[in-house]
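Take a look at the structure set out below.
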Amino acid sequence: MWRYTLRRILQAVPVFFGTTLLIYAMVFALPGDPIQALAGNKPVPDNVLHTLRERYNLNDPLLVQYGKYMWGLLQGDLGENYTGQSVSEMLAGRWPVTARLAVTAWIFELVVGIALGVWAGLRRGRLADTLVLGGTTLVIAVPVFVLGYTAQIVFGLHWRIFPTAGIDEGWPMSYLLPGIVLGSFGLSYVARLTRTSLAENLRADYVRTAGAKGLTRARVIGRHTLRNSLIPVVTYLGVDFGALMGGAIVTEGIFNLPGIGQQVFQSIQLKEGPVVVGAVTVLVLIFLLVNLLVDLLYGLLDPRIRYE
């Protein structure tokens, strides 16, 4: 297991450097001068432009800029924006908001998605199966902003079940509705994966053998079939948690949540490259860490994976 873990860690290192380099290059390839953008339409003296560009390494080649950024990152420094504010301090108050939103959406996907998938998989071809497949197809087809605004109007304004915006009521009330909206798409895939995997495993030889040995249906499903069926589901849930952390821009905008997604969107508009790169770099680290945990859990669920 240790060799398997070490191999997965080493595989994550080039992925991290390659991803961050790509992000860095894309952000700083955006047109326009970020220093000039600070002044708007007002002229900036050449000596001021030169001083600020030197301070933020904008005159250096791309690889030199990236190398200086990574050296600071290894020391725990995400850099500064173009007004001298620490990126770490700017993001510190926003991470908890995005983390709570992502965890709420992820739990919703996990619990409801697996429950619907098991319900449909055990009743393949019946009404329950049709309802789950039809409902998840409908959710996937609806854009997130349509689903978000509709849920906000119906459950927030008309029925007053949930807060419509902001985080004044704290967790979980302020995060339930946006979490359900954000997690609804992942839930659809979790339900379908669980349903398909469970239905296939129920026809496997080992299930028939377990039944022939006299094991109860509940024990066969709970102890053997469901465990094997959850392997692809666990993989998807791990990958999706990282996607939830980085893909909450639209949801945070609809529900006015002051999270990382909202900060990244504002920073792109203001051409604050260091903030965008810093936020996305941390998201990449979270994504890689979650995927490493998923790989380890994958190896525990199916020991054969460790030896491939």
Side-chain angles (χ1 to χ4, degrees), residues 12-102 241-253 256-291:
V13 173
V15 174
F16 172 73
F17 283 103
T19 305
T20 51
L21 177 59
L22 179 61
I23 293 167
Y24 198 94
M26 291 174 63
V27 169
F28 287 92
L30 294 174
D33 188 339
I35 304 299
Q36 180 64 54
L38 292 174
N41 296 324
K42 298 180 181 180
V44 181
D46 291 340
N47 61 329
V48 175
L49 280 175
H50 178 75
T51 300
L52 290 176
R53 291 183 66 84
E54 284 292 329
R55 175 180 176 180
Y56 295 108
N57 306 313
L58 295 177
N59 291 327
D60 295 329
L62 174 64
L63 291 180
V64 175
Q65 292 185 49
Y66 176 73
K68 291 180 178 179
Y69 172 74
M70 292 305 299
W71 176 249
L73 181 64
L74 293 175
Q75 301 176 64
D77 182 14
L78 292 176
E80 299 177 343
N81 70 350
Y82 297 127
T83 60
Q85 292 178 284
S86 170
V87 174
S88 299
E89 293 179 0
M90 292 178 65
L91 300 178
R94 293 180 176 267
W95 282 114
V97 175
T98 299
R100 292 188 192 106
L101 177 61
F241 184 78
L244 290 172
M245 289 288 293
I249 295 178
V250 176
T251 307
E252 289 182 358
N256 193 28
L257 302 178
I260 293 297
Q262 189 183 79
Q263 179 66 68
V264 169
F265 181 72
Q266 293 173 352
S267 299
I268 291 174
Q269 290 181 312
L270 298 174
K271 299 184 183 301
E272 291 185 334
V275 181
V276 177
V277 172
V280 176
T281 297
V282 178
L283 289 174
V284 170
L285 284 171
I286 293 173
F287 190 85
L288 291 175
L289 177 61
V290 172
N291 273 274

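- Of all the heavy atoms in Ile260 and Ala279, the pair that sits closest is CG2-CB, 4.1 Å.
- Counting non-hydrogen atoms of other residues, nucleotides and ligands closer than 6.0 Å to CZ of Phe16 gives a total above 12.
- Summarising the geometry of Val275 relative to Ser267, their closest heavy-atom pair is CG1-OG, 3.2 Å, with the distance given to 0.1 Å.
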Under the side-chain contact (heavy atoms from CB on, under 4.5 Å) rule, what do Glu272 and Met90 come out as? Steps first, then yes or no, please.
-> CA-CA 12 Å; Glu272 291 185 334; Met90 292 178 65; 4.3 Å; yes

**Study point:** side-chain hydrogen bond (donor to acceptor under 3.5 Å, both in side chains) assessment of Thr281 paired with Tyr69
**Key:** CA-CA 11 Å; Thr281 297; Tyr69 172 74; 3.0 Å; yes

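- For the side-chain hydrogen bond (donor to acceptor under 3.5 Å, both in side chains) criterion with Asp60, the lone passing option out of Gln65, Lys68, Arg53 is Lys68.
- Between atom OH of residue Tyr66 and atom CZ of residue Phe17 there is a gap of 6.0 Å, rounded to the nearest 0.5 Å.
- Between Thr20 and Val277, every side-chain heavy-atom pair lies at or beyond the 4.5 Å cut-off.
- Pairing each heavy atom of Gly259 with each of Arg94, the nearest pair is O-NH1, 3.2 Å.
- Counting non-hydrogen atoms of other residues, nucleotides and ligands closer than 6.0 Å to CD of Glu89 gives a total of 12 or fewer.
- Contact detail for Pro258 and Asn256: the closest heavy-atom pair is CD-O, 3.7 Å.
- When all heavy atoms of Gly76 and Ser88 are compared, the closest pair comes out as O-OG, 4.4 Å.
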Residue pair Gln262, Thr98: steps toward the side-chain contact (heavy atoms from CB on, under 4.5 Å) verdict: CA-CA 9 Å; Gln262 189 183 79; Thr98 299; over 6 Å; no

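- Leu283 CG to Thr19 OG1: the interatomic distance, rounded to the nearest 0.5 Å, is 12.0 Å.
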